[in-house]
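All remarks here apply to the structure that follows.
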Amino acid sequence: MNPLALSLILTTLLAGTLITMMSSHWLTAWMGLEMNMLTMIPILMKTTNPRSTEAATKYFMTQAMASMMLMMALTINLMYSGQWSITKMTNPVASNMALMALMTKLGSAPFHFWVPEVTQGVELTPGMILLTWQKLAPLSLLYQMATYTNTNLIYLSGLLSILIGGWGGLNQTQLRKILAYSSISHMGWMLIILPFNPTLTLLNLTIYIMLTLSIFMILTNTFTTSMSSLTLMWNKTPAMTIMLMTTLLSLGGLPPLSGFMPKWLMIHELTKNNSIIMPLTMAIMALLNMYFYMRLIYYSSLTILPSTNNMKMTWRFTNTKHTMTLPTLITLSNMLLPLTPMISMLE
Amino acid sequence: TLTLTSLIILTLPIITTLLQNNKTNCFLYITKTAVTYAFAISLIPTLLFIQSNQEAYISNWHWMTIHTLKLSMSFKLDFFSLTFMPIALFITWSIMEFSLWYMHSDPHINRFFKYLLLFLITMLILVSANNLLQLFMGWEGVGIMSFLLISWWHGRTDANTAALQAMLYNRIGDMGFIMMMAWFTIHLNSWEFQQIFLTNPKNTTLPLLGLLLASAGKSAQFGLHPWLPSAMEGPTPVSALLHSSTMVMAGVFTLIRFYPLMENNLTIQTSTLCLGAITTLFTAICALTQNDIKKIIALSTSSQLGLMMVTIGINQPHLAFIHMCTHAFFKAMLFLSSGSIIHNLNNEQDIRKMGGLYKTMPITSTAIIIGSLALTGMPFLTGFYSKDPIIETANMSYINTWALLITLIAVSMTASYSTRIIFFALLGQPRYPSLTQINENNPYLINPIKRLILGSIFMGFLISMNTIPHTTPQMTMPPHLKFMALAVTLLGFTVATELNNMTHNLMFKQPSRMHTFSTMLGYYPTITHRILPYLSLTMSQNLATTIMDSIWLEKMIPKNLTTMQKTAASLVSNQKGLMKPYFLSFLLSITLGLLIAL
């Protein structure tokens, strides 16, 4: 794309999210969300095949509907309380409608249908931005307004997200769809802990973003988008294959890696509040996620699928992709667990 | 002196077994003489007891103490054990002498005598035991020796299965015995008879039920009875010793020992009565149409045991004991005579192939006739002194009319099958092959039979004269009740004689249903020996393979889990990609969500 256009688009994307995150007036927040959506469209359509266009269309329609609902919620709120502050949406209709609109923007169940399709329809980089950057704005709004929403809705949606994220990912061979379902599942975890301890939501978000960024960048560097191309990764970049393995394990929440930290703290927080069955169900459902990550690990690092001898001795080209932030990200996403006491910094 | 003499009695046979002499010829004679001397010595304490009515119990060796339970070796010498021991020794002496003739061509006759001796020793331990542990040791001992002796000719499958049957049925009874021992340990903290009878607990139904089960197993009461007819696979001396006079008495003996407890428990008395009545009638019916002479006598033993149970059930343990002692004599004699017949007819056991032995084997036929008469309670022979009081007491007591009627019917059947034996074996024309080797002249054969004849005639009188009655017998009763026993016996005799005489002139018809019922021992062995193992084996197979292996280990969690997850995964990820249904679902979800939230 034209570098000037690209820089303009990316700046607007940045600005949109920042406006939303920094606003205390609902209208500016809504405006930031709209800017975000509108500039995302050209990013999604960077490649000009019909599949991307279709994905972009779907994205636009869903997000537009969500913004409309959000606007309706704001007007109802204005009608009943006469003010535009984000943290005080006392009318239940308004706050729950806004909650559901934001959940649509995030891609939690039962509003999750667009996430796998849009993610699959675009290239890896726009997909990365979709799954990581786009979560920041709605979650910041949720962080502020969640106290007045009906917690039953949040739990329902969260549990459903974890379930759907787990079961949906079992049947996939395309990596982008797998990561989409993984994002649905993680959104579920983030939503559930919101009424108890919103700090942990943000922590989960941070770690999730780090992990997803690492994975996406590894995939981009090796040009793999499906499981069959994963199996050839060992030959081209063996180090990155191992890194993929550890990062995937971290994404699944395996203990000595940093992905365990948010899950552990969340279960701790939930049991402190006397709910036992819900964290139990959540933890068990997270195993479904772990299963298909293990499948990816199995095919990429643990086994070598049958191939002809030519494939075993490929010619190594120089890597033209940017790998600047990748080592940092990978280290962060694997080794952060000992730093858990430092989350008191976030309070 | 009492103590010393009784201990000597017990040790005499033991010393004999301690000598390792399977090779010498003298072992047999030494054994037999040892038993003879033991019998003689055992008469001394018995006579002392008769004179002074002093019971004694010896407690010598302290074996161990478990918490508060003291186990020691103690012997109880009271009326029951002091009377039974000489009788047992006498009969064993006679049988050992008999088996010198019967088994003399057997290469392992030394081992046979050793087994017989071991059996005798364990029986004496059982009889003289003062605590339940020693009794149990004797109990198990006689069980094991019976197993070894029944399967003496172990090359024959029927013998092996019969021995196994004996063992299994005994084991079922042993469970009851162990339950009784456990109850006594828990509630009375002792296994000594003195303590049990002193404390006289009130709720004794459970241990006495266990005791009843144990006696039913050992003494072949109904339900646990098939092993006794099958046990006739063993040699005739074995049948005579074990299964007529001593081992099957062990069950009844233990019941008699516990009479102080049973006096107070009416439930147990009624169940003993009913069990005994059913047994005596059932086995008498089965004995009517058997064709094997030993089986008839075995079923007759079973029937008499039922009669003893009935006596215990009407709370007359002493009468039962006297009947036990007298029954030993004539039953052993019947078995020995049948053994003599069998050997002389070249191992023929089927009564349809005997006949006309009245003239050719006079001593044996005399023995059989006297034994049968004593069995049926002919006045002033042995059986009369025990059987008649039993029937009289039963008639005059407040018991089940039904049980009484059944007992009377069984008594008449006793006469019938005894007549049958006499008729088929002794009377009429010979039905065996003409080349005969009938020879009764061996002293080893004749002397035991002569001794037992004397015992059968006189022992009843002697025992009843020398014992003090513990309950006052009914002296006055209406004449028809007094003659009842005699009358039913005569009825049995006459009916049987008539029927048997008619068999000369009848054409052979298909046996009627009743006849087959009786011949097949009431179908009881056929049914239970097949159904019970089949049920338990199929149940365990189902349990192990189907339930455990395939369902619990394979299907329940692993397979179900995979199916569930696969269905769920395909359901969830099966999106069609059309926007309108998505929006419809969003609409529905939002509506529902708002409804929930409000």
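Numbered from 1 within each chain, the chains take letters A, B, ... in sequence-line order.
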Would you mind checking which part of A:Met69 comes under 4.5 Å of any heavy atom in chain B, side chain (CB onward), backbone (N, CA, C, O), both or neither?
side chain
Which atoms of B:Ser585 approach chain A - backbone, side chain, both or neither, heavy atom under 4.5 Å:
side chain
Provide the closest heavy-atom pair for B:Phe586 versus A:Met65 in the form atom of the first, atom of the second, distance.
CD1-CE, 3.4 Å
CD/B:Gln575 to NZ/A:Lys177 distance, rounded to the nearest 0.5 angstrom?
7.5 Å
Roughly how far apart are A:Trp167 CH2 and B:Thr567 OG1, rounded to 0.5 Å?
9.5 Å
If one checks every heavy atom of A:Leu156 against chain B at 4.5 Å, the contacting part turns out to be side chain
Give a yes or no on whether A:Phe60 atom CZ has more than 12 heavy-atom contacts from other residues, nucleotides or ligands under 6.0 Å away.
no
Flag the pair B:Ser573 / A:Gln172 as yes when at least one side-chain heavy-atom distance between them is below 4.5 Å, and no otherwise.
yes
So which of A:Leu99, A:Thr149, A:Leu153, A:Asn152 has the biggest tally of heavy-atom pairs under 4.5 Å with chain B?
A:Leu153
For A:Ile164, is it the side chain, the backbone, both or neither that has a heavy atom under 4.5 Å from a heavy atom of chain B?
both
Does CE in A:Met278 sit with more than 12 non-hydrogen atoms of other residues, nucleotides or ligands closer than 6.0 Å?
yes
For A:Tyr299, I'd like to know if atom OH has over 12 heavy atoms of other residues, nucleotides or ligands within 6.0 Å.
no
Contact between A:Thr104 and B:Ile590 at the side-chain level, heavy atoms closer than 4.5 Å - yes or no?
no
Taking every heavy atom of B:Leu594 against every heavy atom of A:Asn96, the minimum-distance pair comes out as CD2-CB, 4.1 Å
List the atom pairs, donor and acceptor, that lie under 3.5 Å between side-chain atoms in residues 283-293 of chain A and the rest of the protein, sequence neighbours left out.
unit_1	atom_1	unit_2	atom_2	d
A:Asn289	ND2	A:Ser185	OG	2.5
A:Tyr293	OH	A:Ser182	OG	3.1

About how many Å separate NZ of B:Lys566 and CG of A:Leu170, when rounded to the nearest 0.5 Å?
11.0 Å
Return all side-chain donor-acceptor pairs below 3.5 angstrom for residues 530-542 of chain B, not counting sequence neighbours, or 'none' if the list is empty.
unit_1	atom_1	unit_2	atom_2	d
B:Ser536	OG	B:Leu532	O	2.8
B:Ser536	OG	B:Pro533	O	3.3
B:Thr538	OG1	B:Tyr534	O	2.8
B:Thr538	OG1	B:Leu535	O	3.0
B:Ser540	OG	B:Ser536	O	3.0
B:Ser540	OG	B:Leu537	O	2.9

Starting from the C-alpha separation in whole Å, work towards a yes-or-no answer on side chain to side chain contact (heavy atoms under 4.5 Å, CB included) for B:Phe583 and A:Met61.
CA-CA 9 Å; B:Phe583 280 103; A:Met61 287 171 69; 3.9 Å; yes
Can you tell me which portion of A:Met97 sits under 4.5 Å from chain B's heavy atoms? Options are side chain, backbone, both or neither.
both
Smallest heavy-atom separation, A:Phe111 atom then B:Ser589 atom, equals CE2-CB, 3.6 Å
For chain B, which candidate among A:Glu54, A:Glu117, A:Met103 shows the most heavy-atom pairs at distances under 4.5 Å?
A:Glu117
Region of A:Thr57 in contact with chain B, defined by heavy-atom distances below 4.5 Å
neither
